[in-house]
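Start at 1 and go down the list; that is how both ligands and their atoms are numbered. Positions are given from 1, in the same order as the sequence printed here.
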Amino acid sequence: MATVVRLRLATTWLLVPVAAAILLSICVSTTRRAPQLPPVVVVPGYATNELDARLTELYCPSSPRCGARKGEGWFRLFLNYTALKDAADVRCFAEQMAAVYDAASDDYRNAPGVETRVPFFGSTRGFRYPDPDRRNFSYMDKFVSRLEELGYRDGETLFGAPYDFRYAVAPPGHPSRVGDAIFGRLKRLVERASRINGGRPVTVAHSYGGTLAHQFLLRRSLPWRRRFVPVAAPWGGVVLGMLTLVAGNNLGLPFVDPLALWGEYRSLQSSLGPLPNTNAFGAGKPLVTTRSRTYTAHDVADFLDDIGMGAAIGPYQSRVLPLLRELPSPRVPVACAVAVGVDTPEMLAYPGGDFHVTPRMVMGDGDGLVNLASLLAVDPAWRRPAAYFRILEVRNVSHTGLFVDDAALAVINLCSFS
Ligand SMILES: *[C@@H]1O[C@H](CO)[C@@H](O)[C@H](O)[C@H]1NC(C)=O
Ligand SMILES: *[C@@H]1O[C@H](CO)[C@@H](O)[C@H](O)[C@H]1NC(C)=O
Ligand SMILES: *[C@@H]1O[C@H](CO)[C@@H](O)[C@H](O)[C@H]1NC(C)=O
């Protein structure tokens, strides 16, 4: 498939139609000549890596079926296709995946009696196939294979930083037990990757992983930070993030009813981060309309209240918004890859006075999930202090297609190594 790649350089726009093969061969020959590959640490996107759980005596299942694994040790909670085929089991999955905001400690935690862990930290194994028994649910496999073809080896030069995507980090002054643990592990991993490879670590981060890695870099000292390759990061949130709070999110699993995960999705801090913010959408653009009300990115708190999530307004305003108000440059070489040219919901028009029907969607540009304005929200702000900044746009490729499409993969490699 021929793809037009638009290179966004410091001052000019270049329209470069490229054949994937050419780009790839540049990457291959460059890296072959290089005596040593720069170590790559991959931070995957939302709901891309495995999560394990175990159910303790404190767990109160809603049905005997949900409690079947109580006391039986660790099992794979995400992703297990077999365990999601039956709607009754999806209910168990939802209650075990849910989190709780505890106002007294100002932090999110798991449902009582559900312990979780992220397996294979340090390796790409935890997200190459999120369900190793159903390898077709994977979009990272091809990317990892490409890196291996270039000579990368898992645990030697290639590292994976899977994380508990239900959680997020909190701004200074607010605790985030899980978020702090994610950053602690990531710091040690990047340092190890760097130490055993003579420095030069590159952090490649997709989607939600990109916004997380950005927050991570901002908390490190300037000399510590290294090259950053965010891929399709939703800097300014996504309009679809409002729809998923109303209608549920099936985590991209077509056989799961989104409504079955409605309550679970609403319970997570990471569901509030992707709500549209004014960095990308301004305060005047209508994003959701009903017969009686128009919501812009400035009205997200009102929106939460009106969809019955009033309890989330506090944590949204204290724990989420402060991280989104500004998008400071990480002040390191940055090469972003984004996909554009795919119909992406830009406004949701509810015909009545409430949210009980499917809205009419007004489409705009983006990658099918993330709106163009959000993908580009760090531009031009990140150009100024950065020694090196560019955004490479791949046309007609979707948000996850970036890791599957040959031409797009070549662009990501170009971002990582050139
Ligand atoms: C993108 O897709 C549209 C519609 O399918 C097509 O008309 C257009 O030629 C494609 N552009 C590229 C650059 O592939
Ligand atoms: C996946 O779910 C099925 C059905 O509940 C179960 O038999 C199997 O052991 C689970 N696999 C893992 C790895 O937990
Ligand atoms: C994976 O395979 C299963 C069973 O063969 C199928 O139902 C499902 O739709 C496939 N998923 C994808 C993403 O292709």
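- Here the side chain of Tyr163 pairs no donor or acceptor atom with the backbone of Leu212 at under 3.5 angstrom.
- Checked against the 6.0 Å centroid threshold, His206 and Tyr139 count as a close aromatic pair.
- Aromatic ring centroids of Phe127 and Phe120 lie 6.0 Å or more apart.
- Within the 4.0 Å heavy-atom criterion, the part of Arg69 lying near ligand 2 is the side chain and not the backbone.
- You'll find the ring centres of Tyr81 and Phe137 inside the 6.0 Å limit.
- Considering only non-hydrogen protein atoms, atom 14 (O) of ligand 2 sits nearest to Arg76 N, 3.4 Å.
- Protein heavy atom at the shortest distance from atom 5 (O) of ligand 2 is Ala83 CB, 3.9 Å.
- For Trp224 and Phe216, the distance between ring centers is under 6.0 angstrom.
- The distance criterion of under 3.5 Å between nitrogen or oxygen atoms is not met by Asp133 with respect to ligand 2.
- Shortest contact from atom 11 (N) of ligand 2 to any protein heavy atom: Asn80 ND2, 2.9 Å.
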